[in-house]
Amino acid sequence: MPSHNLTSGLNQSQLDAVTHQTGPLLVLAGAGSGKTRVLTHRISYLIAELGISPYQILAITFTKKAAQEMKERVGALVGPRAQTMWVSTFHSACARILRTKAGLLGYDSNYNIYDQADSKTLTKETLLSLGLDGRNAGMYQSLISRAKNEDKDPLVFAEELRDSNSLVPPQFEDAYRRYEQLKRSNNGMDFDDLLCNIVKLFEISEETLIEYQNKFQHVLVDEYQDTNPVQNKLIIQLAKEHRNICVVGDPDQSIYAFRAADIKNILQFENNFPDVTVIPLEQNYRSTQIILDAANSVIEQNHRPYAKNLWTDGEMGDQISSIQVFDEKDEAEEVGREIRKIQDLQKYALDDIAVFYRTNAQSRALEEVLTRNKIHYKVIGGLRFYERKEIKDALAYLNVLNNPQDDLSLERILNEPTRGIGKGAREILKKYKEEKGFNNLYEVLLQSQSNENIKVEIGGKEKQLSAGALKGVKKFLKAYLSIFEMVKHDLSLLQSPETTSKSLSILNEHGYICPQRALSHLLIETEYLESLEKSGDPITNATRIENLSELLGAADDDQYKQDLNVHEELSDVEPNHMKAVTLFLNNSSLTDSSEDHEGGSVSLMTLHSSKGLEYPSVFIMGMEDELFPFPRAIFEDGGLDEEHRLAYVGITRAENNLYFTHAHKRTLHGQTTYNIPSRFIGYIPERLITHRKSRKFESEMSSRMNQRSNFGSRLGGVQAWSNSKLGEDSDKSNVDQIGLKVGDNVNHDMFGDGVIVKLEVNEYEAIATINFADEGQKTLDLSWAPVTKI
DNA sequence: ACATCTGGCCGCTAA
DNA sequence: GGCCAGATGT
Ligand SMILES: Nc1ncnc2c1ncn2[C@@H]1O[C@H](COP(=O)(O)OP(=O)(O)OP(=O)(O)O)[C@@H](O)[C@H]1O
């Protein structure tokens, strides 16, 4: 491999980082400075120039998609051998190691992975079994998760919280223990366990630790600013001997504190690796000067002793366009119109355009408009494919096949579709399990089909499964038992050498159960598909069935053959027909899939999901002070700083054009608020922005002003205000001119008496936050709202 | 004993 | 808009 490929297109600092030989390396650099490019080239350099085997490299990215891309890019530089590299997220890498080593921790290697929703369900079950209110499951679950990600024992964590006067329910300890116990007996691991269990494994088994330290001669991590303590510990474990650790990141882009990410991991990297070489990158290759200046003016709000000056030799570029719109519908329309304009001018392809927002709920309005206008789009993140109900149901069916100990998955689908196994029946089955010492519900189901009656005493009464429930169980089990019949049958066929995979009913030629065949068998035999078609709204059903066929497509084991070979370390001693199924499930639970539209599409995503990406044209919606910064963040410790970083991330995704939209009025969570533009817009120097208002906003406002001259006279001075488009011709403060100020007591026709706590006036509006005695805090437009001074 | 429907409650960001 | 508990219907 000629080396100029590896080192061309790099500046001197980048080159230094790429060709750094051994020992710890930290690339600490701002947005768009080529950190990811350095990582990709460095990996290629290690392989092509230093003769490191791809198999000895572990590269960690933030998302699966980023991993995919990195693999492709390295593949383009060094050829197909890149395929054997481990490039994945922390979670995927841990899951992969645990597939072979779970036994050392007392798990089966075909353990199932629980996502957050599963964990919450299990937590809820835990709480109910302890006689507690199941509605608090979310809070318990997030405490447990938080502790694990902070690399703390949840029991210790709870004590610490109580010591610092935080409220932790007294039953937390019991609930946590029981949760762990249930999880263990299901042979399941939650997302956080994937990380913790690896750290634990490396602690209890020096042999395993050494094995992986030796295997991964080079460890590289992207987006290090968003690692949490347990991930940091894992990196230290792996790299502390050979110290070939390269991490890259930008402290100003740390936006996952809610997931326990800790900026200290990157800022204090030196503490763990004292001989680290630190290479800063200061040239930005992505954005125009204007965009870069805007980003800097936002991030400068933070205290950043580590700050470096990021520069570009690119052009000034276009000004940022800030559009004031009337409400969220108007906002969507306006963004749609601008996208149309870009298309009409053939300025960019749809693929070059992205729209970001603070919360997932904001995408809906835009999706409707884009669909109506036939502008293709894809939502990145959001309700993920693998989080949809029908997909989770289908995977639960496979989970039970893969690991029948998994009561959580079993319970999910035992009565889905309904087959007469209701709450009462489930209670009987569970009680029976406990009393007779069965390991899992699946065994109880099997037992129920023998002659023995399933009888238990509940509340002093003898109860047994109803005939209907029994029949339902039978049908349910038949779907599974018939799979084992088919396996037996196929195995006998496999004895004969002329058997082809075509004549097999469920196995593939390697003797693995084909996930696709198994899944479609289960969905048909259990009448899941049939009942889905019949139930509810036909449009939803059609998409659900479409989703399921997509899942089935992904479960085609052709796609897994390659993986089955790559994962040679998965090869167990005993024959395991489930290998392909296990692998499929493993991939599914950790995947962030999203389909592509040919002909291009606009990308819609949260600001969080935008990290690491870049687009020539970027829209940021909802630039309002009631939304971004997110109000709750303002009260959290360091919350506002993190919002600044989030804005910084969003702005720096843009290459050439950046648009902000902010709505005067927004209905979110069924509550209507009146908003002022985000303070973030205010941080950006005026010379970088052009402001305009949507037509809808203009027309709504002028019709209100007309009405106001009739009805609005209750407010002192409002008459003068409406007659003279205030703010343009006056040096008198607007606040004076409506005759109200912060601290004034007012009365509202509906909300009663209150006091103004915040007031912002411009030429069109007077947005006030009023603390009402009875109704709490509300934000209103005083130029419109029925408010009088008292 | 189950299934289905309705109204109240709650809502950020995510592997 | 989605989830859940409780009421109502079979
Ligand atoms: N030396 C270079 N010459 C030209 N273009 C470069 C150079 N280095 C990087 N780039 C380009 O700059 C852009 C940003 O690079 P990259 O995504 O690697 O930056 P980053 O530091 O990871 O950004 P961020 O942290 O904002 O995600 C990419 O389009 C990349 O191709």
Side-chain angles (χ1 to χ4, degrees), chain A residues 60-67 88-95 113-117 119-121 124 128 133-135 137-139 142 145-146 148-149 189-195 223 226-228 230-231 254-261 356-365 380-384 386-389 415-428 458 463-470 472 531 535-536 540 588-592 605-611 622 626-634 636 639 642-643 645-646 649-650 667-671:
Chain A
I60 301 290
T61 57
F62 198 69
T63 64
K64 265 201 123 164
K65 207 168 140 214
S88 65
T89 61
F90 273 105
H91 294 265
S92 297
C94 291
I113 298 173
Y114 294 156
D115 70 11
Q116 192 188 18
S119 303
K120 198 176 153 193
T121 308
K124 185 177 162 187
L128 293 177
D133 189 344
R135 282 174 300 186
M139 177 219 174
S142 70
S145 173
R146 183 91 205 180
K148 289 181 179 176
N149 281 300
M189 295 193 202
D190 64 30
F191 270 5
D192 313 313
D193 290 337
L194 296 175
L195 305 172
E223 310 278 14
D226 271 324
T227 53
N228 57 39
V230 69
Q231 292 167 337
S254 174
I255 53 176
Y256 283 89
F258 69 89
R259 217 170 83 184
F356 305 152
Y357 33 79
R358 179 63 237 263
T359 68
N360 278 307
Q362 287 169 257
S363 74
R364 176 160 279 117
I380 300 189
L383 179 59
R384 283 169 183 66
Y386 286 99
E387 290 169 2
R388 288 165 204 209
K389 180 192 181 311
N415 202 33
E416 185 69 57
T418 55
R419 43 175 86 86
I421 312 170
K423 213 175 133 173
R426 284 203 294 279
E427 211 173 320
I428 294 169
I458 292 176
K463 300 207 175 185
Q464 66 172 315
L465 279 188
S466 69
L470 221 46
S531 80
S535 72
T540 330
S588 315
S589 28
L590 298 165
T591 287
D592 53 4
M605 70 195 85
T606 60
L607 287 150
H608 283 90
S609 300
S610 77
K611 190 172 58 134
E626 310 295 321
L627 190 60
F628 189 33
F630 200 76
R632 273 173 66 176
I634 297 174
E636 281 160 23
E642 180 132 325
E643 297 293 300
R645 292 193 290 267
L646 194 52
V649 167
T667 307
L668 205 65
H669 325 300
Q671 266 239 65

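Remember, it's a predicted structure, so these values are computed and weren't measured experimentally. Lettering of chains follows the sequences in order, A, B, ..., and the numbering in each one begins at 1.
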Check your understanding: Are A/Phe630 and B/dC12 stacked, counting the six-membered base ring, centres under 5.5 Å, planes under 30°?
Key -> yes

Review point. Stacking check: are the rings of A/Tyr256 and B/dT13 less than 5.5 Å apart at their centres and under 30 degrees in tilt?
Key: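 No, A/Tyr256 does not stack on the base of B/dT13, since the centre distance and plane angle fail the 5.5 Å and 30° test.
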
Where the side chain of [X] is concerned, which of [options] is the nearest nucleotide?
| X | options | value |
| --- | --- | --- |
| A/Arg384 | B/dC12, B/dA14, C/dA5 | B/dA14 |
| A/Thr89 | B/dC12, B/dA15, B/dA14 | B/dA15 |
| A/Phe191 | B/dT13, C/dG1, B/dA15 | B/dA15 |

Review point. With a 4.5 Å limit on heavy-atom distance, are the side chains of A/His91 and A/Lys64 in contact?
Key: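 The answer is no, as the side chains (C-beta and beyond) never meet within the 4.5 Å cut-off.
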
Measure [atom1]/[X] against [atom2]/[N] and give the value in whole Å, please.
| X | N | atom1 | atom2 | result |
| --- | --- | --- | --- | --- |
| A/Gln116 | C/dC3 | CD | P | 14 Å |
| A/Leu607 | B/dT13 | CG | P | 11 Å |
| A/Leu646 | B/dA14 | CG | C1' | 13 Å |
| A/Arg358 | B/dT13 | CZ | C1' | 5 Å |
| A/Leu383 | B/dA14 | CG | P | 11 Å |
| A/His91 | B/dA14 | NE2 | C1' | 9 Å |
| A/Ile60 | B/dA15 | CD1 | P | 15 Å |
| A/His608 | B/dA14 | NE2 | P | 7 Å |

Using only side-chain N and O atoms of [X], determine if any of them is under 4.0 Å from OP1 or OP2 of [N].
| X | N | value |
| --- | --- | --- |
| A/Asn360 | B/dC12 | no |
| A/Thr606 | B/dA14 | yes |
| A/Arg259 | B/dA14 | no |
| A/Ser609 | B/dA14 | yes |

Find every protein N or O atom lying less than 3.5 Å from an N or O atom of nucleotides 2-9 of chain B, and list the pairs.
from: B/dC2; atom 1: OP1; to: A/Ala425; atom 2: N; distance (Å): 3.2
from: B/dC2; atom 1: OP2; to: A/Gly424; atom 2: N; distance (Å): 3.0
from: B/dA3; atom 1: OP1; to: A/Gly420; atom 2: N; distance (Å): 2.9
from: B/dA3; atom 1: OP2; to: A/Asn415; atom 2: ND2; distance (Å): 3.0

Exercise for review: Would you check if the distance from the ring center of A/Phe628 to the ring center of A/Phe630 is below 6.0 Å?
Suggested key: no

[Y] backbone acceptor or donor facing [X] side chain under 3.5 Å:
| X | Y | result |
| --- | --- | --- |
| A/Ser145 | A/Ser142 | no |
| A/Asn360 | A/Thr606 | no |
| A/Gln231 | A/Asn228 | yes |

Check your understanding: In chain order, what residues pass the side chain to side chain contact (heavy atoms under 4.5 Å, CB included) check against A/Lys124, with sequence neighbours excluded?
Key ->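 Here the qualifying residues are A/Leu128, A/Ala137.
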
Check your understanding: Contact class for A/Gln231 (heavy atom, under 4.0 Å): base, sugar-phosphate, or nothing?
Key -> nothing

